[in-house]
Amino acid sequence: MVLLQPDPFLNELTSMFEKSTEKGSVWVTFKRSSLKSKVQRNKMKTAGEEIEYRCLIRATFGNKTISTSVGPKEHQRFQSSYATVLKAHMTALKKRDRKEKKKAAEADKKGGAKKPKRV
Amino acid sequence: MVYITSWDEFVDRSVQLFRADPESTRYVMKYRHCDGKLVLKVTDNKECLKFKTDQAQDAKKMEKLNNVFFTLMSRGPEADPAEVTGKDQMDAQPTKKGRGRKQ
């Protein structure tokens, strides 16, 4: 696994999307992580140090995995570039059609219990 | 695990799941171009929430969820994603009425 800077990561991700057009899937995982081992974390805890967490992003296509991490300062910039990459490559999805009405009807039978909190 | 059919329910439950256990919850998206399918998954290794779609409009909704998770994960589970999700913020802007009426 290669830990990249956010920009090279996005470039690699773009090429993964390009390669995946004929077959295969692209996986992207987000996880909150301190990028430290458990031992290190425990040491820091006993020493009373604050553990810094970042958002770890991994992408996999076939047998290739790349990763990057963004901290609280860079995440907004990264998320907009990431959205641009997605928008440019998720072109196989269907545009609006009548199926969606059916989906909405099905949706009603679940989610009733919880109050939808808009974000 | 059965797919959740309602987007709002999926978002609600996945955020709850993350807040309950920020350190072991991950958010995965799988995109398969040749079949035009998109699958989103949120799991904490105990519970697993999945959402499947082939609709382009759901990709837009996903963008918002991406922002929510980026915010929660990089700033911490206490962060309020509403304050940084671009569009909502724009909608909320009109509160700035008294513009240019300083004295």
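Nothing here was measured: the structure is a model prediction, and the numbers come from that model.
- What you find for A:Lys95 and B:Ala56 is that their closest heavy atoms are NZ-CB, 4.2 Å.
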Report the C-alpha distance between B:Asn66 and A:Phe30 in whole Å, list the side-chain angles of each, state the deciding distance to 0.1 Å, and finish with yes or no for side-chain contact (heavy atoms from CB on, under 4.5 Å). CA-CA 9 Å; B:Asn66 287 345; A:Phe30 295 2; 4.1 Å; yes
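- Per-residue heavy-atom pair counts under 4.5 Å with chain A were compared for B:Phe18, B:Phe10, B:Tyr27, and the maximum is reached by B:Tyr27.
- The CG atom of B:Asn67 sits 10.5 Å away from atom OH of A:Tyr82, with the distance rounded to the nearest 0.5 Å.
- Note that NZ of B:Lys41 and OG1 of A:Thr29 are 8.5 Å apart. Values are rounded to the nearest 0.5 Å.
- Contact of A:Ser34 with chain B is not made at all, since no heavy-atom distance falls under 4.5 Å.
- A continuous path of ILVMFWY side-chain contacts below 4.5 Å connects A:Leu4 to A:Val26, so both sit in one hydrophobic cluster.
- Closest of all the heavy-atom pairs between A:Leu86 and B:Met62 is CD1-CE, 3.4 Å.
- Residues of residues 7-14 of chain A having a heavy atom under 4.5 Å from any heavy atom of chain B: none.
- No part of A:Lys73 comes within reach of chain B, as not one of its non-hydrogen atoms sits under 4.5 angstrom from that chain.
- Taking CZ of B:Arg26 as the start and CZ of A:Arg58 as the end, the distance is 8.5 Å to the nearest 0.5 Å.
- Interface residue A:Phe17: only side-chain heavy atoms are found under 4.5 Å from chain B.
- Two different hydrophobic clusters hold A:Trp27 and B:Phe69 under the rule that ILVMFWY side chains link at heavy-atom gaps under 4.5 Å.
- In the hydrophobic clustering of this structure, B:Val28 does not group with B:Val15; members are Ile, Leu, Val, Met, Phe, Trp, Tyr whose side-chain heavy atoms approach within less than 4.5 Å, directly or through other members.
- Hydrophobic clustering of Ile, Leu, Val, Met, Phe, Trp and Tyr side chains at less than 4.5 Å, counting indirect connections, keeps B:Val68 apart from A:Tyr53.
- In terms of non-hydrogen atom pairs under 4.5 Å with chain B, the most contact-rich of A:Ser80, A:Ala59, A:Ser25 is A:Ser25.
- Residue-environment remark: CZ (A:Arg77) stays at or below the threshold of 12 foreign heavy atoms within 6.0 Å.
- The structure places CD1 of A:Ile57 at 8.5 Å from OG of B:Ser74, a figure rounded to the nearest 0.5 Å.
- Residues B:Asp58 and A:Leu93 form no side-chain contact, since every pair of their non-hydrogen atoms from C-beta on lies 4.5 Å or further apart.
- Between B:Cys34 and A:Gly24, the shortest heavy-atom distance links the atoms SG-N, 4.2 Å.
- You'll find the side chain of B:His33 stays beyond 4.5 Å of the side chain of A:Glu22, heavy atoms only.
- Between A:Phe78 and B:Phe70, the ring planes are perpendicular. Angles over 60° get that label, and only those under 30° would be called parallel.
- At a threshold of 4.5 Å between non-hydrogen side-chain atoms, the residues A:His75 and B:Thr71 count as touching.
- Looking at A:Lys31, its side chain does come within 3.5 Å of a backbone N or O of B:Glu23 through a donor-acceptor pair.
- Taking both residues in full, the closest heavy atoms of A:Lys87 and B:Glu63 are given as CE-OE1, 3.4 Å, listed atom of the first, atom of the second, then distance.
- In this structure a side-chain-to-backbone donor-acceptor pair under 3.5 Å is present from B:Tyr31 to A:His89.
- Here B:Thr53 contributes atom OG1 and A:Lys94 contributes atom NZ; the two are 9.0 Å apart, rounded to the nearest 0.5 Å.
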